[in-house]
Amino acid sequence: MRIATWNVNSIKARLVAAKEWLAETAPDVVCMQEIKCTDDGFPAGEFEQLGYSCAVHGQKSYNGVAILSRRQLEDVSPGLPHGNSDNHARYLEALVPGDKGILRVASIYAPNGNPIGTEKFSYKLDWHARLATHANELLAAEEPIVLMGDYNIIPEPEDCYDPKAWEMDALFQPESRRALRRLENLGYTDAVRACHGEPQLYTFWDYQAGCWQKNRGIRIDHILLSPQAADRLVTTGINKHMRGRERPSDHVPVWCELDI
DNA sequence: ATGCCGACAGGATGTCGA
């Protein structure tokens, strides 16, 4: 089963690119982030024509996550638990039936957190604390789980073109990197890193300052696998070519193949 | 040192992202 994640930066702006990408790569499951539309505004019909059913947790103008699946999604659950007054649409979870078992999938759009030293950064850290609590609870079922999406965290210096340039950024703060490591310490595996050792694997290139042309990217879109999912990991990939297409998102799709 | 680009809402230009 091929499972992909993509921060589309507005599904309306990315509809043509998304349909082309789906036709070319034929993923079984897709987690989308930053769809930037309400549930009603999501072009579900376009994807249904390509054989996908859609679960949407939308929001007007900002955020918004979705899951597309060739098989009917079950137990669809919007929103990250353990929140008190969080009205951002950043988390959507569902069950996907596979040939060899059921898979739990979450589409994640974690907060950016800039600038540091503000309530935005503390919101980011609080959000990740909630994610860790929930991720830990999910482990109790001992089932294959994929927590994938835009984590807005650069894990290591080798995951960005110039670590110095990101020193004061929320994406590369020690507390942010610790939040990702905490998930790994719970037992989740960074799927791309498990399959690829080379540095400078990027998933995001800023629109500004010719970052794409100069390959000044960062790796912030991640696939985290529970032990039961990691045991079935075959390979992963990054659809880097999508950044060079017409009207690209600033993020590219990241995918993994699971034997499930 | 700052903005660079792109999307949004709204109907000009400010906000947000990373």
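Just so we're on the same page: letters track the sequence lines, and every chain starts at 1. Quick caveat: nothing in here was measured; it's all calculated off a predicted structure.
Rounded to whole Å, the C1' atom of dA12(B) lies 23 Å from the corresponding atom of dT2(B). Going from the P atom of dT15(B) to that of dG10(B) covers 15 Å, rounded to whole Å. Taking atom C1' on both nucleotides, dA7(B) is separated from dA18(B) by 14 Å, rounded to a whole Å. Spacing of P atoms, dC8(B) relative to dG3(B), comes out at 23 Å, to the nearest Å. Rounded to whole Å, the separation between the C1' atoms of dG11(B) and dA1(B) comes to 33 Å.
Panel note: side chain Asp28(A), backbone Ile3(A); no donor-acceptor pair is recorded below 3.5 Å.
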task = Give the B/S/- string for nucleotides 5-18 of chain B, one per nucleotide from 5' to 3', where a protein heavy atom under 4.0 Å of the base yields B, of only the sugar-phosphate yields S, and otherwise -.
result = BSSSS-------SB

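Side-chain polar atoms of Asn7(A) and Glu34(A) form a donor-acceptor pair below 3.5 angstrom.
Under the ring-ring contact (aromatic ring centres under 6.0 Å, His included) criterion, Tyr91(A) pairs with His134(A), sequence neighbours left out.
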Intermediate values then yes/no, salt bridge (charged side-chain N to carboxylate O under 4.0 Å, His left out), Lys60(A) and Asp40(A) = CA-CA 10 Å; Lys60(A) 185 180 168 71; Asp40(A) 290 344; over 6 Å; no

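Between Phe47(A) and Phe42(A), the gap from one ring centroid to the other is short of 6.0 Å.
With respect to Arg193(A) and Glu158(A), a salt bridge is recorded, a charged nitrogen being found less than 4.0 Å from a carboxylate O.
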